[in-house]
Amino acid sequence: MQEAVPRAGVELAGATQGAGMMQPGLHAKSFEDAGKAINGHGELHWNELVCFMDVMIPIIRTARPYCSPRTHSGRQIMKSLKPTFFLVALLAGPAGGVLAHESGHLEGIASQASKAVNASFDIVHTRISTEGNLAIFHMAVSGKAGASRPSKSGKLAGSSVFSYVWPTSLDSSVAGFEQKAGILAFAVTSHGDFDDTPLFDENGDGKLDNDGDLWHSHWVVLQPDPSCGKDALKVVDIPEGSKPRLPKTWPSLPILIDSPGWTPTFKNEMVEVRVPFDDIGVVKTTRFDGVTAALRVNASVHNPLLCVVDVFKIASSDLSLPGKVGQ
């Protein structure tokens, strides 16, 4: 489903972090059962439970005389505490889900939700973590991630791109470009007017050139360019006649972009991409930030070809790359 371009010129909130601690004597099994009851999908959301410990503990203490382990089974104990978990369910519903996600952050950048930003792009958490040789790019918003996509204009010139972006301190050579070519960023994008993943058939219809509207991933190299606006960034153009180093999955566009084919996963408020690396060590020392933004193809389809024209939100508020991988 397509939606109009989200509001730009938004309030950029600073980063905050919070975490809860599990209290002694509260058993993991009980929390697991409660988690399944709360979210309704049979999945455990530890952060939602930990977030509301301050609410739960007094009620549990009140209920303790009625649910002594000497006289009650685990099932009966959970039944006795049903009002507690009903309260948690209310707090962790549509209005409280953002609070639950924010408060459970043990890693990455936490950001305050903003009513001024389209909820699909209102960043509340940004993280890069590692698992074996995989880097996991994670972003959460206050609404449903991926719900808004740009409307089709029917032509390439002037068309829009919506994006979830992780700017990093990684050298551009890590993704197969020349060294020190600009800011290397990982991005998840959607754009209905063109396809830039010629090696992949995302919608499975046997055609490789008609699924740009489906969310997909890129590496891009960014640099400031006043032609795009004051302090605005662009995807770096490749001058005509030059032959810079490019990744094997470069989509033959005259800009520094790679289309590696790593499929993003969207689930409720979250988007994640699992990206393999030959040397995961370079990722573990990088710094990062989170950005949601709209880009636009130049109306003349020439340098600068692809400019960042609307920044919906920056996780850190100032693009200072405060995030540390795994921290």
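Being a predicted model, the structure only gives us computed values, none of them experimental. The figures that follow rest on heavy atoms only: side chains count, while hydrogens, waters and symmetry mates do not.
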Practice problem: Please determine if Lys267 and Glu272 form a salt bridge, counting it only when a charged side-chain N lies under 4.0 Å from a carboxylate O. | Solution: no

Quiz item: Counting distance only, does the side-chain N/O of Ser153 pair as donor-acceptor with the main-chain N or O of Ser159 below 3.5 Å?
Solution: no

Quiz item: Any link between Trp250 and Val174 through a network of hydrophobic side chains (Ile, Leu, Val, Met, Phe, Trp, Tyr) touching at under 4.5 Å?
Solution: yes

Quiz item: How about Thr286 and Ser169: does a side-chain donor come under 3.5 Å of a side-chain acceptor?
Solution: yes

Exercise. To the nearest 0.5 angstrom, please state how far the CG atom of Leu306 sits from the CG atom of Leu253.
Key: 9.0 Å

Exercise. Report yes or no: does His125 contribute a side-chain atom to a donor-acceptor pair with the main-chain N or O of Glu107 at less than 3.5 Å?
Key: yes

Quiz prompt | For the student: nearest non-hydrogen atoms of Ile109 and Pro322, plus distance | solution = CD1-CG, 3.8 Å

Quiz item: Taking the six-membered ring for Trp, is the centroid-to-centroid distance between Phe186 and Trp262 below 6.0 Å?
Solution: no

Practice problem: Keeping the roles fixed (side chain from Ser173, backbone from Gln179), state whether a donor-acceptor pair exists under 3.5 Å. | Solution: no

Self-check item: Min side-chain heavy-atom separation Val271-Trp215 under 4.5 Å
Solution: no

Exercise. Examine the side chains of Thr126 and His138 and answer whether a donor and an acceptor come within less than 3.5 Å of each other.
Key: no

Self-check item: Phe177 backbone acceptor or donor facing Arg245 side chain under 3.5 Å
Solution: yes

Practice problem: Run the ring-centre check on Phe121 versus Phe162 and record whether the distance is less than 6.0 Å. | Solution: yes

Quiz item: Is Asp258 reaching over with its side chain to a backbone N or O of Trp219, donor-acceptor style, under 3.5 angstrom?
Solution: no

Quiz prompt | Donor-acceptor under 3.5 Å (Asp289 side chain, Ser320 main chain) | solution = yes

Self-check item: Common cluster, Val311/Val165, ILVMFWY with side-chain heavy-atom separation under 4.5 Å
Solution: yes

Quiz item: Backbone N or O of Leu170 within a donor-acceptor pair of the Thr168 side chain at under 3.5 Å?
Solution: yes

Quiz item: Are any non-hydrogen side-chain atoms of Thr189 and His216 less than 4.5 angstrom apart?
Solution: yes

Quiz item: Counting distance only, does the side-chain N/O of Glu240 pair as donor-acceptor with the main-chain N or O of Pro254 below 3.5 Å?
Solution: no

Quiz item: Rounded to the nearest 0.5 Å, what separation is found between the CD atom of Gln223 and the OG atom of Ser172?
Solution: 9.0 Å

Quiz item: Would you say the side chain of Ile128 lies within less than 4.5 Å of the side chain of Phe137, judging by non-hydrogen atoms?
Solution: yes

Quiz item: Do Asp122 and Ser114 get their side chains close enough for a donor-acceptor pair, meaning under 3.5 Å?
Solution: no

Quiz item: Is it true that Val188 and Val221 fall in one hydrophobic cluster, defined by side-chain heavy atoms closer than 4.5 Å?
Solution: yes

Quiz item: Is there a donor-acceptor pair closer than 3.5 Å between any side-chain N or O of Asn298 and the backbone N or O of Leu305?
Solution: no

Quiz prompt | Side-chain (Ser120) to main-chain (Lys144) donor-acceptor, under 3.5 angstrom | solution = yes

